Number of protein chains: 8
Amino acid sequence: MADVFTDLGFAKLDISRKDRTGIAETIYCAGKTKEQLLEILRAFKDKNISVLGTRCSEDKAEFVQNSGLSVVYDACSKIIVLKASSGETMGGKIAICTGGTADLPVAEEAAKTAEFLGAEVIRCFDVGVAGLHRLLAKLEDIRQADVIIAVAGMEGALAGVIAGLVETPVIAVPTSVGYGASFSGLAPLLTMLNSCAEGISVVNIDNGFGAAVTACRILRRMKKNV
Amino acid sequence: MADVFTDLGFAKLDISRKDRTGIAETIYCAGKTKEQLLEILRAFKDKNISVLGTRCSEDKAEFVQNSGLSVVYDACSKIIVLKASSGETMGGKIAICTGGTADLPVAEEAAKTAEFLGAEVIRCFDVGVAGLHRLLAKLEDIRQADVIIAVAGMEGALAGVIAGLVETPVIAVPTSVGYGASFSGLAPLLTMLNSCAEGISVVNIDNGFGAAVTACRILRRMKKNV
Amino acid sequence: MADVFTDLGFAKLDISRKDRTGIAETIYCAGKTKEQLLEILRAFKDKNISVLGTRCSEDKAEFVQNSGLSVVYDACSKIIVLKASSGETMGGKIAICTGGTADLPVAEEAAKTAEFLGAEVIRCFDVGVAGLHRLLAKLEDIRQADVIIAVAGMEGALAGVIAGLVETPVIAVPTSVGYGASFSGLAPLLTMLNSCAEGISVVNIDNGFGAAVTACRILRRMKKNV
Amino acid sequence: MADVFTDLGFAKLDISRKDRTGIAETIYCAGKTKEQLLEILRAFKDKNISVLGTRCSEDKAEFVQNSGLSVVYDACSKIIVLKASSGETMGGKIAICTGGTADLPVAEEAAKTAEFLGAEVIRCFDVGVAGLHRLLAKLEDIRQADVIIAVAGMEGALAGVIAGLVETPVIAVPTSVGYGASFSGLAPLLTMLNSCAEGISVVNIDNGFGAAVTACRILRRMKKNV
Amino acid sequence: MADVFTDLGFAKLDISRKDRTGIAETIYCAGKTKEQLLEILRAFKDKNISVLGTRCSEDKAEFVQNSGLSVVYDACSKIIVLKASSGETMGGKIAICTGGTADLPVAEEAAKTAEFLGAEVIRCFDVGVAGLHRLLAKLEDIRQADVIIAVAGMEGALAGVIAGLVETPVIAVPTSVGYGASFSGLAPLLTMLNSCAEGISVVNIDNGFGAAVTACRILRRMKKNV
Amino acid sequence: MADVFTDLGFAKLDISRKDRTGIAETIYCAGKTKEQLLEILRAFKDKNISVLGTRCSEDKAEFVQNSGLSVVYDACSKIIVLKASSGETMGGKIAICTGGTADLPVAEEAAKTAEFLGAEVIRCFDVGVAGLHRLLAKLEDIRQADVIIAVAGMEGALAGVIAGLVETPVIAVPTSVGYGASFSGLAPLLTMLNSCAEGISVVNIDNGFGAAVTACRILRRMKKNV
Amino acid sequence: MADVFTDLGFAKLDISRKDRTGIAETIYCAGKTKEQLLEILRAFKDKNISVLGTRCSEDKAEFVQNSGLSVVYDACSKIIVLKASSGETMGGKIAICTGGTADLPVAEEAAKTAEFLGAEVIRCFDVGVAGLHRLLAKLEDIRQADVIIAVAGMEGALAGVIAGLVETPVIAVPTSVGYGASFSGLAPLLTMLNSCAEGISVVNIDNGFGAAVTACRILRRMKKNV
Amino acid sequence: MADVFTDLGFAKLDISRKDRTGIAETIYCAGKTKEQLLEILRAFKDKNISVLGTRCSEDKAEFVQNSGLSVVYDACSKIIVLKASSGETMGGKIAICTGGTADLPVAEEAAKTAEFLGAEVIRCFDVGVAGLHRLLAKLEDIRQADVIIAVAGMEGALAGVIAGLVETPVIAVPTSVGYGASFSGLAPLLTMLNSCAEGISVVNIDNGFGAAVTACRILRRMKKNV
């Protein structure tokens with residue numbers, strides 16, 4: 001069993017995940033100390049495995065960078081990447097749409113993750129339904145995608161409106177953007193779950209990462225079936 | 001003080017309300033026994049005052065009708081009316097839009113109330129955002145209204161999309177239509193409160209009556225200002 | 001505009017939906033009277049369009065059947081179908097797994113919908129995580145699917161465990177099966193949204209229909225890309 | 001389509017909004033970086049369009065001011081304004097009432113927005129229902145308004161009591177003022193949605209801006225109808 | 001210890017409660033079978049102890065009455081009484097006010113309980129804040145009470161407005177009267193807990209009984225102190 | 001793998017559970033049709049395995065009994081048992097305490113389950129903290145148990161008070177007994193989770209069955225260790 | 001009307017409150033700037049009226065003290081007092097009990113307020129039900145009070161246990177002390193509202209001030225009745 | 001009574017707890033000032049009683065250590081210990097499993113508490129169900145324990161999967177690890193309460209301490225029964 005994970009005591013690195021689920025190991029940095037993060041990254045580097053970390057605060061990223069490990073960090077999406085994906089692409093397109101500018105960090109978490117996993121990303125930002133003509137103007141771009149990721153906070157109506165206009169599967173990401181009765185993203189989460197439009201499924205609030213991985217599973221399956 | 005309300009013991013009829021707030025007394029039938037409802041209606045009839053009752057179950061309506069009192073009852077909206085408004089009209093138009101067919105009882109509660117209070121109603125039913133072209137096809141009709149009432153359950157995105165397309169004030173009514181994570185109307189209520197579009201205000205879940213009265217207050221003020 | 005929908009007053013039938021989104025019109029029967037349902041079904045029949053209705057109570061189905069309209073009704077899933085899909089299949093497989101026997105009505109709603117839309121369904125019922133060996137014994141069957149629909153109430157852990165074992169996209173359907181702190185399906189909904197496993201997206205509580213339509217959008221896209 | 005919005009990549013400026021909805025573009029500053037805010041303001045300045053930004057923190061305002069752009073900032077309401085409205089007034093009055101002193105920032109957000117859009121504002125602050133005589137003493141002032149905005153936290157009863165005393169439409173704004181079981185404004189939100197008084201509609205918690213825009217839509221419609 | 005309670009197996013009758021807390025034993029009938037209720041009442045009758053039962057459904061009351069036990073039942077408040085209090089009065093007054101007619105069952109539960117315990121009750125029904133003049137007209141009656149019980153559903157603002165006008169302690173009872181965002185009484189419960197007026201304390205939703213007992217504890221203490 | 005479960009299609013009977021977890025298979029009857037229930041019971045009978053079903057409605061029990069299968073049904077706890085445990089006892093004692101009489105069905109679900117699994121049960125009903133002397137009088141009985149199950153609705157304080165008085169592990173079962181702000185058992189659930197007393201763990205609302213099984217796991221472990 | 005309140009613009013000081021409700025004006029400092037607080041205190045000083053402020057942060061208190069105004073500040077309860085009550089006492093006793101040491105700030109808010117209003121306070125701290133003997137040891141002290149204030153966080157069972165042991169009215173104050181499923185005081189709030197013991201009424205979470213004022217209203221009424 | 005607790009005024013030390021409940025006094029440090037904490041620790045030291053404090057922030061620990069009192073502090077679990085347990089062991093094993101690395105602080109709170117109370121701890125960290133093979137690889141270790149503590153955030157499925165694989169009692173600890181719809185630990189709390197697997201009981205969110213004490217009560221009972 002020693003060959004399916006690496007045991008660091010506080011963490012068991014799932015080094016067989018790519019073989020098992022098609023997606024490489026990724027790290028949720030939020031609940032780990034900077035020392036633990038560094039140790040995990042080093043263990044992956046020793047196995048020569050690319051890895052992507054989400055929710056990595058700037059000071060943790062700096063700590064890792066100062067340690068001499070070669071990583072790329074993006075402050076907007078808070079994503080840290082060890083050794084970019086080795087050039088293989090998945091051969092599919094993901095459109096990532098946002099309701100507003102404030103949804104950018106979540107959208108970029110999705111975009112950076114999808115690109116790390118080898119997908120091509122079409123960005124359509126700030127096309128919320130309060131100004132419908134902005135969305136309609138981008139519709140042709142959006143229709144080229146194999147999967148659409150719709151990122152929206154506040155009322156979260158974007159996913160439903162898009163799904164009513166296209167025949168592509170839509171993955172909806174509610175964001176915590178908003179205030180008052182948005183209750184930290186509960187409002188758009190419920191909106192998206194209750195959408196009358198068909199073809200929508202939903203991930204956790206602010207979970208751009210999860211949306212991208214799900215989209216890539218779909219792309220991988222498409223490729224496999226060809 | 002005896003002249004500002006009529007005291008029935010279990011109820012104090014606010015017979016001066018029309019003078020004070022411009023809107024006649026109305027009755028919330030839900031929590032009253034059929035005997036109490038009949039006694040209240042008779043007291044208004046004795047004062048020759050028109051009155052509208054909401055959430056009147058069919059058996060209560062039958063009981064009143066069988067008592068010999070002349071009332072009009074609508075089973076869809078569950079509205080009971082004693083002596084229709086004496087012909088005076090308010091001189092304004094209210095568009096009432098619904099997301100789906102299941103929202104009809106709430107929409108009709110609004111429509112019947114608005115008509116009772118003297119407004120003209122434009123009905124635009126089943127124009128939800130999952131099929132945007134249905135709404136866009138009705139846009140010219142909707143733009144003729146002085147106030148729009150947008151009635152929607154499930155995701156409740158209708159109000160926001162309309163408000164982004166017109167310059168009329170929009171009163172949003174969430175409905176309890178839906179299941180699961182709609183949580184009996186909580187989902188569209190939150191959607192409407194968090195709308196990014198401007199010009200929307202919201203009333204209680206399923207409160208078609210309240211939306212209509214608020215709309216009529218606006219119409220009355222418009223008329224007064226002319 | 002008359003050619004994109006049929007206006008029945010209380011309902012606007014979206015007869016262009018198949019062209020626009022690739023999925024035929026479907027009917028949410030829950031909030032409609034039996035007379036409205038019949039009128040809608042007749043209108044589709046007149047246009048020679050197949051249609052599927054969800055959440056159709058037994059008495060509504062009987063009313064329709066007694067009217068002479070030829071429909072098929074399934075009491076477990078509460079699905080009513082007018083003229084089955086004209087033989088075209090989508091060429092993909094959907095595995096539908098349930099945690100327990102009580103999740104069957106939701107699972108069958110998904111299965112019947114998927115079959116109506118031309119997909120092949122692999123049923124794996126009662127494979128909840130409390131007896132993991134039941135799931136593991138079915139894993140090879142499940143792996144053959146292009147998309148997995150995981151249906152579970154109570155704790156809802158099934159989706160996450162499956163997603164950790166396969167590389168297929170997983171659509172999770174929480175059900176209202178349970179009592180007490182399941183809060184009518186809130187518990188499995190939250191479980192599924194928070195899953196640590198990757199590749200999961202979630203639809204509304206008890207929304208087997210929505211999961212199936214989303215899965216079919218993925219299958220259609222796969223077919224198109226070939 | 002290039003003439004209906006300006007595309008900055010991270011934001012699409014809705015420069016046709018005034019023509020479409022009668023209300024100029026406004027900016028929700030909360031989720032934008034100071035650099036993004038500056039770029040947006042400059043784009044509007046280049047088009048010679050007045051614009052108002054809400055929820056602008058003091059440091060963002062300073063950053064903009066230090067950049068040489070001529071804006072006006074109010075620290076209480078957190079509103080930033082680029083080039084005040086060009087002297088046109090809407091010809092209507094809005095009374096803005098608050099339950100307590102702590103509701104001032106929200107009330108001023110409403111007041112500053114209304115004034116920016118050309119309305120006349122009547123301020124009636126600290127007239128909560130715990131000391132009813134304070135409200136009654138101001139009633140004549142309040143009655144002069146075409147629309148009333150009632151701002152209250154804690155129990156939020158102010159809107160209902162006012163609506164029972166006047167015939168003007170009332171827009172209720174719950175605030176997050178309070179502690180414990182106010183649950184960050186949920187308590188007054190529910191109070192206002194459930195008001196027995198007629199003529200009330202509600203906006204999001206702390207959304208003084210939204211209340212003002214809605215009120216101005218009503219005023220504009222009144223003016224148009226004359 | 002045998003003398004402080006009577007053990008029926010499924011219930012332990014607290015026959016020493018009056019000595020310990022000054023208030024006789026009372027029975028919550030809701031969760032008991034009719035047979036259990038009868039056995040409990042008989043046990044009290046055997047000890048010659050008066051007892052009051054709340055939430056007694058009509059069929060349970062009938063079952064008890066048909067058994068030959070002499071009890072008094074009130075269908076509005078659902079209160080059943082075995083042998084009325086032996087003529088001793090507490091020498092204090094409780095004003096019971098309601099927002100509307102639909103609050104009557106809860107108000108009568110309070111009134112009947114208070115009368116059973118020997119207090120004098122002043123009833124002021126249907127004096128909600130939407131028609132403030134009705135409350136003001138009754139203010140002198142209300143001021144004569146030693147304790148006020150304010151019963152209100154929907155927005156529940158009654159308690160706060162009364163407490164701001166008098167110097168008497170106010171016990172607030174939220175009711176489940178309402179719909180939609182009243183969430184079965186949550187809205188008035190929160191309103192009352194957050195009241196800005198002083199001198200209010202709150203009991204459970206629909207708990208007229210609890211309010212009356214608390215009021216009587218206050219009256220008893222007042223009497224004792226004289 | 002065929003030998004670890006029996007596949008009925010709609011259900012997979014976990015016939016190896018007793019070997020794996022020490023506790024026999026049990027059936028959650030609530031979500032199953034009466035036909036499914038009968039088929040499952042028959043399958044166990046064919047394997048000569050005892051089985052206990054929870055939440056079995058009276059009409060399902062009657063259907064099974066009328067089919068000729070020999071089962072024992074208890075209407076209070078809604079438990080159905082096929083062939084009582086074969087006389088082996090576990091050699092430990094469980095005290096089951098309830099706050100009130102209305103908690104009986106849940107307490108009996110626990111008691112019947114524990115007895116089915118071979119434990120001895122000490123019943124202490126109606127010993128809620130509002131009359132503390134009733135609990136104190138039973139303390140010696142309670143102290144004899146190896147595990148205590150504390151069943152309480154409404155405020156749910158019983159578990160914490162007991163745990164502060166004894167050194168035995170306490171399993172707390174919140175019940176849905178109560179009304180208003182008990183929110184169907186949420187109140188006692190939270191009380192029990194937040195208890196300041198040590199040694200308490202909690203199961204789902206109304207889950208007497210789960211408490212009993214957990215208690216029996218503890219007894220079995222104790223026996224094993226001897 | 002000028003003589004019933006003093007208008008500072010941002011605040012209307014209710015200088016007639018003592019005449020109207022028997023309790024002097026008090027200030028909720030939390031939502032006011034330090035400048036506003038100072039201006040309000042000065043206005044009261046000019047009228048020679050004593051006033052008590054709650055939730056006054058240390059830096060606001062310092063600002064006021066540095067301005068030369070003579071006030072007393074208590075950092076534990078965060079209460080600021082201008083000119084202590086002029087020696088008149090109300091002639092009654094309030095027992096203030098806490099479940100734990102962490103409830104002290106709330107208990108002291110109650111105690112300081114009660115003393116400001118002229119009541120005598122009996123402090124019984126850290127007598128939570130997890131160690132019942134601590135409470136029982138203090139029972140005689142507690143019984144001497146005319147009103148009991150029970151302050152508790154976490155499970156909040158203290159109020160119910162006390163109310164079952166005495167015949168005095170009990171005002172329960174839930175506190176936000178706790179973590180996890182205490183949900184910032186929701187758990188003890190629900191516990192207290194659902195108490196099976198009689199004679200309890202509840203105020204807002206952490207509202208020691210409100211409990212004290214309510215208790216003093218009771219004491220004042222007792223005194224008046226003598 | 002003086003000999004059963006030590007009264008410090010703000011705290012009553014329950015020095016008889018070990019005799020009464022078998023577990024020594026412990027201190028919840030979160031709501032106490034550093035001065036109070038020191039005084040409490042000194043009082044225990046004077047009585048020569050070992051004591052463990054939970055949720056002790058680093059600065060409080062430093063304050064105590066700088067005062068000259070000899071204590072041991074662990075920054076990960078935030079546990080402070082005065083004089084380690086005097087060598088007596090309880091003779092049982094507790095396995096502590098976590099879903100992820102971020103659950104470590106809660107797991108260590110449990111581990112340190114269990115070790116303080118004399119139990120032997122088996123640590124199995126980062127064995128969440130998203131990578132099931134990690135858990136299966138550790139199953140033999142886990143099966144050696146007398147009680148299992150399963151610590152997990154996010155979806156919290158770990159407890160149910162373990163309980164389905166073993167026959168040991170499982171105490172589940174939900175953690176606040178996660179974001180969005182985990183709602184600070186509500187999601188895993190509900191998952192664990194609704195688990196279909198048998199033999200699970202649950203403690204408060206992040207309450208590693210409570211899980212350990214409950215586990216030790218079970219171990220103590222086991223030892224006693226031998």
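Heavy atoms only: backbone and side chains are in, while hydrogens, waters and symmetry mates are out. Reminder, nothing fancy here: chain letters follow the sequence lines and each chain counts from 1. Since the structure is predicted, the reported quantities are computational estimates derived from the model, not experimental observations.
Identified by a heavy-atom distance below 4.5 Å to chain G, the contributing residues of residues 192-203 of chain E are Leu193(E), Asn194(E), Glu198(E), Gly199(E), Ile200(E), Ser201(E), Val202(E), Val203(E), in residue-number order.
For the set Ala163(G), Gly92(G), Ala172(G), Gly210(G), the count of heavy-atom pairs under 4.5 angstrom toward chain E peaks at Ala163(G). Comparing Ile171(G), Leu189(G), Thr168(G), Asn207(G) by heavy-atom pairs within less than 4.5 Å of chain E, the highest count is held by Thr168(G). Taking Ile205(G), Leu219(G), Val213(G) one by one and counting their heavy-atom pairs under 4.5 Å with chain E, the maximum is reached by Val213(G). Of the listed residues Ala215(G), Ala212(G), Gly164(G), the one with more heavy-atom pairs under 4.5 angstrom with chain E than any other is Gly164(G).
Remark: side-chain polar atoms of Arg221(E) are paired, donor with acceptor, to backbone N or O of Ala145(G) under 3.5 angstrom.
The CG atom of Asp146(G) lies 11.5 Å from the CD1 atom of Ile218(E); values are rounded to the nearest 0.5 Å.
For Asp141(G), the salt bridge (charged side-chain N to carboxylate O under 4.0 Å, His left out) test picks out no residue, with sequence neighbours left out. Taking the salt bridge (charged side-chain N to carboxylate O under 4.0 Å, His left out) definition, one finds that Lys78(E) meets it with nothing, sequence neighbours left out. When the side chain to side chain donor-acceptor pair (under 3.5 Å) test is applied to Thr98(G), no partner is found at least two apart in sequence or on another chain.
Arg217(E) and Val170(G) make their closest contact through NH1-CG2, 4.4 Å (heavy atoms, listed as atom of the first residue, atom of the second, distance).
Contact annotation for Tyr28(E): neither backbone nor side-chain heavy atoms come within less than 4.5 Å of a heavy atom of chain G.
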